[in-house]
Each structure stands twice: as structure tokens, then as C-alpha cells.
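Data block below; observations after.
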Amino acid sequence: MIRYAKPTSVDEALALLGEGAWRILAGGTDFYPAQGSKPFRDNVLDINGLAALRGIAETHDHFVIGARTTWTDIVRHPLPPAFDALKQAAREVGSVQIQNVASVAGNLCNASPAADGVPGLLILDAEVELRSVAATRHLPLQDFILGNRHTALLPGEMVTAIRVPRTAAAGMSAFVKLGARRYLVISIAMVAARLVVEDGIVNDAAVAAGSCSVVAKRLAGVEAALHGLPVDGGLADAVLAAPMAELSPIADVRGSAEYRLDAVREIVARTVLAAMGRTTGEEVAA
């Protein structure tokens, strides 16, 4: 390590970022394991002292999740039912000890295809707030995560918040994760779904799958298939017949590509039903 800094304000952190290259340390739950036994070669900017970046606020147009907000914060904060999928995903991020420390922004910036928080934010049309000394910009989440361990962060920038438009915070949602065991596991496949129902008809649907492509994806074909359907038991059949062209899973030690494609279709159907209250959490997990 060449230099370590722990700023006490966001402006101080941005000024340091403007001076040169830094590795940002937030919760550290991925930072230290990834480092292993290798010596530090980068400047480390520790933002754990920035209280302004932790918590959930509401504006006229958005729910604003601070970059340092933990997954436990997400679970405990009163949020509309559209956030239930994100809360369920929060309970799947490692152990409770990790959830108490790991940050929402860190989960995004780590840019793993298996990041549990991403599908639940995608179905909420979340956008990422990026700040530097010179400017503030907002990117849709799907434009922020570009690939495995690759994001759209520019030199001198840091994530300061995740914003969810109030227009997307409607309806009911659910999250289902498939792993080799029930807890403390990296996803084989996972799905988040949010449905808005009016007069017994699906008026809007948002569905996203993770661990089945290099980045988590919204499933436009499934969403289109669900739109306009009555909530009368035909939703699962619509999902099972819908195209999922966005998915291109890899084969690895957790499962083959073919298995993932078969499994994710079933998981999408279960998640949609769970969002509608047609199954219990235990049935979904089974």
C-alpha cells in the first residue's frame, strides 16, 4: 500500500479521488478476501467514516439509498411492498454478520454476475448516482454494470447513492435464489419479479435474472408475456412459454449452462407466483 486515507466528508473523499487512483474500501467484506495474502499495491480510500452516505431517504421523486447503506439497513427500513424482493435478497447476502457490514454500493461495484442485490434493484428501475469533484451524473443500473468485475465508473468518481424512482415503487415483488444449499452460497440462478395488478389484470411487470449471463438482465420477453394477463393461475404457463433470449449462462462448478437455462425458467415462474402471494416462502425455497 502506497497511501491510506479515511476522509470525514464526501467532499474530502472526492478531492482525494481527484488527485489520483484509489481503491475504495466500504464494508470490506469482498475487499479483504479478494486481496488474499498479496501485499497492497494501491492507495486505499476508506469511506467507512462517511455517515452522510448511509441510510435511506425519500424525496418527491425518488427513494435514495446511500452508498454505505448495509443490507441489514435495507431489511429493517420501512419500504413499500415493491421493495420486498430487495429485502429478501438482502437476507441472502452471505451471513447476518456480513449483512451488517456489507454495503449496497459495494455489491454493485464488485460487479459479480452472482451479486444478489442486482436483480431486485433492476426491477425497481434503479439508477446509480456517481459523483466526482467536477460533476454528478446518474446512470441506469443496467448501464452501470458492464461485465464481470467491470463498471462504468470513471477515474475520480465514486458511487454516492442508488436512486429508485417512485413510479417504479409500485406493486408487489419477490426474490428466489437457487444454490447448492439453503444458506451462505453463491447463486446458481436467481430471479426478482415485480407485478402491478389493477382490477385483476397485470398492468405492469418487471422481471430480472442473475447468475445466468455475464450481468444480471431484465427479461423483456417474460415481461411482455405477463402484461395484460388476468391473475387467475395462467401466469406460470405464460412464463414457461415466454422467450428468454437475454440469458447466456456459463457452465461452472455450480451448474451447467443447460441446467441453468432449465432451472431459471422454473424459478421465474415461482417468483412471479410468489410476488402474487400464490406461494409461501418455504414452498418457493423448496
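In what follows, residues are counted from 1 in the order of the sequence shown. No experiment lies behind these values; they were computed from the predicted model shown.
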message: I'd like to know whether CG of D199 has more than 12 heavy-atom contacts from other residues, nucleotides or ligands below 6.0 angstrom.
response: no
- request: Drop me the distance from K87's NZ to H77's NE2, to the nearest 0.5 angstrom.
  value: 7.5 Å
query: Same cluster for V118 and L178 if Ile/Leu/Val/Met/Phe/Trp/Tyr side chains link at under 4.5 Å?
result: no
message: Exactly one of V159, D11, L17 should register a side-chain contact (heavy atoms from CB on, under 4.5 Å) with R131. Which one does?
response: D11
Separation of I65 CD1 from L124 CG (nearest 0.5 Å): 8.0 Å
Under 3.5 Å, which donor-acceptor pairs do the side chains of residues 187-194 form with other protein atoms, sequence neighbours left out?
residue : atom : partner : partner atom : Å
S187    : OG   : D116    : OD1          : 3.2
R194    : NE   : I123    : O            : 2.8
R194    : NE   : A168    : O            : 3.2
R194    : NH1  : A168    : O            : 3.2
R194    : NH1  : A170    : O            : 3.0
R194    : NH2  : I123    : O            : 3.1

statement: So CZ of R23 and CG of N43: to nearest 0.5 Å the spacing works out to 11.0 Å
- prompt: Around I186, counting heavy atoms of other residues, nucleotides and ligands shown, do more than 12 lie under 6.0 Å from its CD1?
  reply: no
- prompt: Between atom OG of S112 and atom CG of D30, what is the distance when rounded to the nearest 0.5 Å?
  reply: 8.0 Å
Considering all heavy atoms, the nearest L141-L108 contact: CD1-CD1, 4.0 Å
query: Going from OG1 on T29 to CG on N107, what distance comes out if it is rounded to the nearest 0.5 angstrom?
result: 8.5 Å
- request: Tell me yes or no: between the side chains of R149 and N110, is some donor less than 3.5 Å from an acceptor?
  value: yes
- prompt: Does the D252 side chain pair with the main chain of G255, one donor and one acceptor, at a distance under 3.5 Å?
  reply: yes
Validation: residues 44-52 side-chain donor-acceptor distances under 3.5 Å, sequence neighbours left out:
residue : atom : partner : partner atom : Å
D46     : OD1  : N48     : N            : 2.9
D46     : OD1  : N48     : ND2          : 2.8
D46     : OD2  : Y4      : OH           : 2.7
N48     : ND2  : A26     : O            : 2.4

- prompt: Aromatic rings F31 and F40: how do their planes relate, parallel, tilted or perpendicular, breaks at 30° and 60°?
  reply: parallel
message: Within the structure provided, determine whether L195 and M172 are in side-chain contact (heavy-atom separation under 4.5 Å).
response: no
statement: Residue set satisfying side-chain hydrogen bond (donor to acceptor under 3.5 Å, both in side chains) with H138, at least two apart, ordered chain then number -> E129
field: Rounded distance [0.5 Å steps], CD in E198 versus CG in N203
entry: 4.0 Å
